[in-house]
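Take a look at the structure below.
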Amino acid sequence: MTEIDWNNPRLKVRGLRKNFDQRVVLGGVDLEIYPGQIVALIGSSGSGKSTLLRCINLIETISDGQIWLEGEDISVASINQDSVRREIGLVFQSFNLFAHLSILDNITLALRKVQGKTKAEAEEIAMNWLDRIGLADKANDYPDKLSGGQQQRTAIVRAVALNPKVLLLDEVTSALDPELVGEVLELIRDLKKTGTTIIMATHELSFARDVADWVVFLDQGVVAEEGEAAEFFAHPKNLRTHEFLSRLNI
Amino acid sequence: MLDNSQFEPSPAEQERRRIRVRAHRRSLLVSLTSTVVFAVVVWFGLTSTPGWSRVQASFFDWPTAEKALPLVLNGLLLNLRVLFFAAIGVLIFGLLLALMRTLRNPVFFPLRLFARVYVDFFRGLPLLIVLYLVGFGVPGLRLDGVGRISPELLGIAALVLTYSAYVAEVFRAGIEAIHPSQRLAARSLGLSYAQSMRYVVLPQAVRRVAPPLMNDFVSLQKDVGLISILGAVDAVRAAQIQVAMSANFTPYLVAGLLFVLLAIPSIRFADHITEKFAKREQVGNLL
Ligand SMILES: Nc1ncnc2c1ncn2[C@@H]1O[C@H](COP(=O)(O)OP(=O)(O)OP(=O)(O)O)[C@@H](O)[C@H]1O
Ligand SMILES: [Mg+2]
């Protein structure tokens, strides 16, 4: 693995606020992630994890603060949002795949229409990824023929195939039956080896401890504590973190 | 995989099947009998009315029907032509109206407002009045250089104006029924608004609205008969001429039956796709 350049974060967030009407959902969040890292975003339900990811993807209009992608401020009003989203992938908890397209077409759509690749090029890339996740034989099936875990893995490689600078995963396993969670986590572990930069909101704390480089604990819209994964789980300093972790029995 | 070919049903299942077959046969017999009884009662009721013989003579006269048929059929060709172009126009204009109504950017406010007013207006306006206004109003403008506009063309315009309003609403409902995360997923892959509409939302919306769309088509199919009031010699108009000449109403019946025959395939097809889509809706969205 190449040495991380600590002066140049892939993504940097400063003072990010998000209000819904009078409700403050994010109250000034700072965050950074360096190339090839995995940052785990944890916190109880409603703490603002999804909102943070959606703000970074520019799906939500932020109320204050700034976001830089490789040094470029993407929170300025004049930014071309579509071109930013081409660099930042986002996978949701569910309903990711396009129901009217085959698995193969799901993956090739953006490769062709956004990146302008030919059908043959796009299909080659897609088949490579499908091969890698063991779904090559399902290429021509429709999403409703796949198990939830297979659907989520397809959704993840669909985003990764576009080579995003940052991949955002929003609780990609929380809608799955327990026995399907493992295969999705295995894929994320595999992606880490290829150097994909990932911010993942997750409830899978033991997975976060194993795989994440950095853990950010979000509590009521602010970062209550963050740190290197091993250290964070072994010696949480904040009282709220203690409570959160002991409630989940980790 | 388990093989079903050597499956031997248990005695309990065999008994169940026997009983089901018997019950099925019995209900078939009951419905057959009641249908025959009903038909006989209606027939006697009708033929025993005092004016029956006169009605029969003026509505069910075979020689008049035979004479009118080729002319009415010829008129029906015009209806089909009008139907074809009107249907295409309605699909295009209806879709445009629906898309206008889904634009959220404030820049497009005028378009959105136009679509809204348009749809409200033409959904409320009787088709007959649209036909009169277009059919007699537009030629009244005496547009130079256009020459005389055929009643056929005016009829198509009137049908497109009215039916687009209905179809726009159908399309809009379809677009709005697509789960928002499908659009979000498309946008998060970097597809633009137009691209996510074109490749993700619309294909799914169109599938979903195919059944109500077919129903609108069926009703358009019979409403093309209304263009006869503009003087186009379509099936209805041809029948009217025959009625006037033979002093017998049978040609109307001939035209009516032809319209029904024309509609049956569409109606069956509409039912078929409704069923098919209902089935597809059951699966999917497993997550
Ligand atoms: N569009 C919205 N309008 C108003 N309030 C919202 C909206 N979206 C989110 N919220 C509120 O913001 C808060 C944070 O929501 P968010 O979905 O980010 O939490 P989360 O940490 O992802 O929770 P979970 O673990 O349940 O997914 C919640 O209290 C939610 O009610
Ligand atoms: Mg969430």
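Put simply, of A:Arg158, A:Arg86, A:Lys113, the one with the most heavy-atom pairs under 4.5 Å next to chain B is A:Lys113. Most heavy-atom pairs under 4.5 Å with chain B, from the set A:Asp82, A:Leu162, A:Asp177, A:Val84: that is A:Asp82.
The 12-atom threshold is not exceeded at CD of A:Glu124, counting heavy atoms of other residues, nucleotides or ligands nearer than 6.0 Å. Around atom CZ of B:Arg116, no more than 12 heavy atoms belonging to other residues, nucleotides or ligands sit under 6.0 Å away. Summarising the local packing, CZ of A:Phe20 is surrounded by more than 12 heavy atoms from other residues, nucleotides or ligands at distances under 6.0 Å.
Interatomic distance, A:His100 NE2 to B:Tyr199 OH, rounded to the nearest 0.5 Å: 11.0 Å.
Near-neighbour residues of residues 214-222 of chain B relative to chain A, defined by a heavy atom under 4.5 Å from a heavy atom of that chain, are none. For residues 54-62 of chain A, heavy-atom neighbours of chain B at less than 4.5 Å comprise A:Arg54, A:Asn57, A:Ile59, sorted by residue number.
For A:Ile88, the part lying under 4.5 angstrom from a heavy atom of chain B is the backbone only. Neither the backbone nor the side chain of B:Ile178 has a heavy atom closer than 4.5 Å to any heavy atom of chain A. Contacts between A:Phe92 and chain B at a heavy-atom distance below 4.5 Å involve the side chain alone, from C-beta outward.
Using a 4.5 Å heavy-atom threshold, the side chains of B:Leu191 and A:Leu109 count as touching.
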Step by step, work out the side chain to side chain contact (heavy atoms under 4.5 Å, CB included) result for A:Phe98 and B:Leu189.
CA-CA 12 Å; A:Phe98 304 133; B:Leu189 289 173; 4.0 Å; yes

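Closest approach of B:Gln182 and A:Leu97 over heavy atoms only: NE2-O, 2.6 Å.
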